[in-house]
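This report concerns only the one structure given below.
In what follows, every chain begins at residue 1, and chains take the letters A, B, ... in the order their sequences are listed. Keep in mind that what you see is a predicted model, and the values were worked out from it rather than measured.
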2 protein chains.
Amino acid sequence: MKSSAKTAANAERKSVVSRREILDAAAGLFRMKGYYATTLRDIAAAVGMKAGSVYYHFDSKEQILEEVLDIGIRSAFEAVRKSIEALPETATWRERFRVALNAHFASLFQLGDYLSANLRVFGQAPPHIYEQHIRIRREYDDYWRNMYEKAQAAGEIRSDVNLSALRLLVFGAMNWAIEWYKPGKKTVDSLADEYTRILFDGVGPR
Amino acid sequence: MKSSAKTAANAERKSVVSRREILDAAAGLFRMKGYYATTLRDIAAAVGMKAGSVYYHFDSKEQILEEVLDIGIRSAFEAVRKSIEALPETATWRERFRVALNAHFASLFQLGDYLSANLRVFGQAPPHIYEQHIRIRREYDDYWRNMYEKAQAAGEIRSDVNLSALRLLVFGAMNWAIEWYKPGKKTVDSLADEYTRILFDGVGPR
DNA sequence: CCTACCGATCGGTAGG
DNA sequence: CCTACCGATCGGTAGG
């Protein structure tokens, strides 16, 4: 009894690890090649399995996509939230914005491939996965929206600034970095600094 | 002789039209579904042909991708250049920037699907097509780079602004619009205005 | 988790 | 530009 329970627990633990390995590999491949160009055989090979064995852990390729997408936003959301909560209550909104930007960039370039994969393959997702995933995206979006509103109410963003334009401009600026950012040439920190300065101070003469 | 020459000319004209129709359809499908999810049968059906007939006009699916990618950047490049050249010599750099932004947005949302398709499927292109296409992209990139440098030299962009960060931030802000822009809700013009104001004046208190 | 396999679909071709 | 087709590959399954 004792030993079979132990064996079962080990098997379960091993299975959880394999699941995560498959997701990690899928995220990396999705990020590089996109969803359709990544085959189950690619994913299986990346974790040393045969194609059919992946179905021991997942019901379908779409289920893998679904989980990769969700992990991508959730981990970024958590990183951003934590970095802001780590600030003192007295922090300015500009400073909150800067650390949020920093955390989002870090999620893109330092915390695995999930967020990059998310941005890369989101548009390739079948409708029912899109509909499901859009909810968590909207929550993340709302978190940022709330930040801009508070900053404007506090007078740190001018009242004539269109917040929805600003929000979308910033998301674009951040996410486009996956197209050109090369680790080593520029730190995530300096990137967040420069973007914050450009956006808050503008580039024109003062 | 005369009539067969005429027939040949007609046939050629018709063939040019068909070619363009195929490219138009491909651009629209690439934009919506990406490259791999778009089949030659989709493209053929969209122009009322059978799959095999597409090969009368193109050697391969990759050749179609190649032309769609190139047309996307070239048409945007031309639109941006013309809009700037239409300005008086005395125009400020801020004004030049605004019309350039406007022309890029117009290319994305009003001048067919080529630029949108380009942004959508560029990352899915096989290496040899990527290598070929990157050249025209770099030319377009250089055109913008030159604009920022001139603006800074003229004192319309502060000397402490990192131009390469600014350039990449702006490309991201512009191109990300394909993810959310819905024609009718907001004009391309007002979008270019708002972005220009945010970037030149900043959002912080002055 | 593997072996062996299936039906569907794909890009592309031959011959007209 | 069509008909008819091919080889390759894909996601997924049965049975162990």
Side-chain angles (χ1 to χ4, degrees), chain A residues 4 7-27 29-30 32-69 117 121 124-129, chain B residues 4 7-27 29-30 32-69 117 121 124-129:
Chain A
S4 89
T7 306
N10 276 341
E12 199 186 327
R13 219 172 305 139
K14 195 181 162 201
S15 185
V16 168
V17 170
S18 291
R19 249 187 90 88
R20 188 67 193 201
E21 280 175 353
I22 291 171
L23 289 172
D24 283 352
L29 289 162
F30 287 170
M32 289 192 313
K33 320 200 322 176
Y35 179 66
Y36 288 103
T38 299
T39 68
L40 275 163
R41 285 158 177 83
D42 290 337
I43 297 172
V47 294
M49 283 182 188
K50 298 295 175 181
S53 306
V54 174
Y55 288 89
Y56 176 75
H57 299 282
F58 296 91
D59 292 338
S60 65
K61 190 185 175 189
E62 289 191 355
Q63 193 194 344
I64 297 177
L65 170 63
E66 213 172 324
E67 298 202 22
V68 168
L69 286 176
V121 303
Q124 300 173 28
H128 67 279
I129 293 187
Chain B
S4 88
T7 306
N10 276 340
E12 200 187 327
R13 220 172 304 141
K14 194 182 163 200
S15 184
V16 168
V17 170
S18 292
R19 248 187 92 87
R20 188 67 193 201
E21 280 175 352
I22 291 171
L23 289 171
D24 284 351
L29 289 162
F30 289 170
M32 288 193 312
K33 320 199 326 177
Y35 178 65
Y36 288 103
T38 299
T39 68
L40 275 162
R41 285 159 176 83
D42 290 336
I43 298 172
V47 294
M49 283 183 188
K50 297 296 175 180
S53 306
V54 173
Y55 287 88
Y56 176 77
H57 299 282
F58 296 90
D59 292 337
S60 64
K61 190 185 175 187
E62 289 191 356
Q63 193 193 345
I64 297 176
L65 170 63
E66 214 172 323
E67 297 202 24
V68 167
L69 286 176
V121 304
Q124 302 172 26
H128 69 278
I129 292 187

inquiry  = Rounded to whole Å, please give me the gap between OH in B:Y56 and C1' in C:dG16.
reply    = 14 Å
Out of D:dG12, C:dG11, C:dC2, whichever nucleotide has its closest atom nearest the side chain of A:S53 = C:dC2
remark   = When rounded to whole Å, the OH to C1' distance for the pair A:Y36 and C:dC10 reads 14 Å
key: Separation of atom CG in B:D59 from atom P in C:dG11, rounded to whole Å   = 16 Å
message = Can you tell me if B:T39 touches the phosphate of C:dT9, counting only side-chain N or O atoms and a distance under 4.0 Å to OP1 or OP2?
response = no
ask   = How many Å lie between NE2 on B:H57 and C1' on C:dG12, as a whole number?
value = 16 Å
request  = Using whole Å, report how far NZ of B:K50 lies from C1' of D:dC1.
outcome  = 11 Å
inquiry  = Rounded to whole Å, how long is the line connecting atom CG of A:D42 with atom P of D:dG11?
reply    = 8 Å
message = So, does B:K61 get its side chain near the phosphate of C:dG11, meaning an N or O under 4.0 Å from OP1 or OP2?
response = yes
key: Length of the CD1-C1' vector between A:I22 and D:dG12, whole Å   = 15 Å
query = To the nearest angstrom, how far is B:Q63 atom CD from C:dG11 atom P?
reply = 15 Å
task = Could you check if a side-chain atom of A:M49 sits within less than 4.5 angstrom of a side-chain atom of A:E21, using non-hydrogen atoms only?
result = no
inquiry  = Can you identify which nucleotide, out of D:dC1, D:dG12, C:dG11, has its nearest atom closest to the A:Y55 side chain?
reply    = D:dG12
request  = May I ask which nucleotide in the shown strands pairs with D:dC5, Watson-Crick or G-U wobble, both distances under 3.5 Å?
outcome  = C:dG12
inquiry  = Any non-hydrogen side-chain atom of B:V47 less than 4.5 Å from a side-chain atom of B:D24?
reply    = no
inquiry  = With a 3.5 Å distance limit and no angle check, can you tell me whether A:R41 reaches the backbone of A:A51 through a side-chain donor-acceptor pair?
reply    = no
message = Is there a side chain to side chain contact (heavy atoms under 4.5 Å, CB included) between A:Y35 and A:K61? Walk through the geometry before answering.
response = CA-CA 9 Å; A:Y35 179 66; A:K61 190 185 175 189; 3.5 Å; yes
